[in-house]
Amino acid sequence: MTVDQFREILRRDVVEGAKALLGATLVRGGLTARIVETEAYRSDDDPASHCFHGRTPRNWPMYLDAGFAYVYFNYGVHWMLNVSAHEEGDGSGILIRAAQPLSGLEEMRERRGTELDRNLLSGPGKLAKAFSLDGSYNGLDLLCPSDLSQIHLVPPAEPAEYTATERIGLAIGKGHDYPWRFVDAARSEWASR
DNA sequence: AAAATGATGCTCT
DNA sequence: GAGCATCATTTTC
């Protein structure tokens, strides 16, 4: 799949985009990982979305065209990486929740302070820490082939088989029962619990 | 195995 | 001032 085809999928529908993101490769420098767990957050009718109440100084990258990074700080502790979806002006996005480490494992172990590879990227905060992501990555185009310096996504070779479940950590009545969390069925051992 | 807890800080009301 | 799209550690069954 080409980068342009991939961006078009993300542009069309955030839920389909969350499924399509499974199997994509996240790259930053010598670090690479295969995405195995995602969650869709839709702007207009999803109470759990940061954009449910409209545009704010924090969530502006979600309103960019599909394929841009929204990196925000949460719980006073963790950075989270999201990929914007839908067209410019729509605040939908996809949270990258977990990945399978492929290269740069030693650097990841060092940053995460663990030797257990299974725990390196098995959660959104863990992934951001292992990749050393912070607010400076906010608003970057993750699919721009000419800007490979910082961070980017490589589209999957083929669609992954997935299982859908309820999203994690949401209050009841706030869209907690939407089945918008997707896990790569063949690699669930790398997902969060 | 599951539940409780504390750390920690930014955003929006 | 409340509420988080969390994690690691400790405590309890």
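In what follows, every heavy atom counts, from backbone to side chain, and hydrogens, waters and symmetry copies are set aside. Chain letters run A, B, ... following the sequence lines, proteins first and then strands; every chain starts at 1. Since the structure is predicted, the reported quantities are computational estimates derived from the model, not experimental observations.
- Members clustered with A:Y75: none, using a 4.5 Å side-chain heavy-atom cutoff among hydrophobic residues.
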*Please assess A:R109 against A:D117 for the test salt bridge (Lys or Arg N to Asp or Glu O under 4.0 Å), listing each intermediate value before the final yes or no.*
CA-CA 8 Å; A:R109 292 187 193 106; A:D117 292 351; 2.9 Å; yes
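- Take A:K19 and apply the salt bridge (Lys or Arg N to Asp or Glu O under 4.0 Å) test, not counting sequence neighbours, and it matches A:E16.
- Checking each of A:L102, A:I151, A:V83, A:L21 against A:L26 for a side-chain contact (heavy atoms from CB on, under 4.5 Å) leaves exactly one that passes, namely A:I151.
- Where DNA chain C pairs in unbroken runs of 3 or more (Watson-Crick or G-U, both distances under 3.5 Å), the stems are B:1-7 with C:6-12, B:9-12 with C:1-4.
- Judged by closest nucleotide on DNA chain C, A:L170 is the one of A:L170 and A:R112 placed further toward the 5' end.
- A donor-acceptor contact under 3.5 angstrom links the side chains of A:S192 and A:R97, judged on distance only.
- Under the rule for a side-chain hydrogen bond (donor to acceptor under 3.5 Å, both in side chains), the partners of A:R111 that lie at least two apart in sequence or sit in another chain are A:E107.
- Of the possible donor and acceptor atoms, one in the side chain of A:R28 sits under 3.5 Å from a partner among the backbone N and O of A:F131.
- Using a 30° and 60° split on the angle between ring planes, A:Y70 and A:Y72 fall in the parallel class, below 30°.
- When DNA chain C is scanned in the 5' to 3' direction for atoms under 4.0 Å from non-hydrogen atoms of chain A, the outermost contacting nucleotides are C:dC4 to C:dA8.
- A:G89 and A:R55 get closest at one heavy-atom pair: CA-NH2, 4.4 Å.
- A donor-acceptor contact under 3.5 angstrom links the side chains of A:S43 and A:D90, judged on distance only.
- Summary of the strand contacts: A:G125 and A:K174 both lie near DNA chain C, and taking for each the nucleotide with the nearest heavy atom, the more 5' one is attributed to A:K174.
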Review item, nucleotides 9-11 of chain B N/O atoms under 3.5 Å of protein N/O:
residue, atom, partner, partner atom, Å
B:dG9, N3, A:G76, N, 3.3

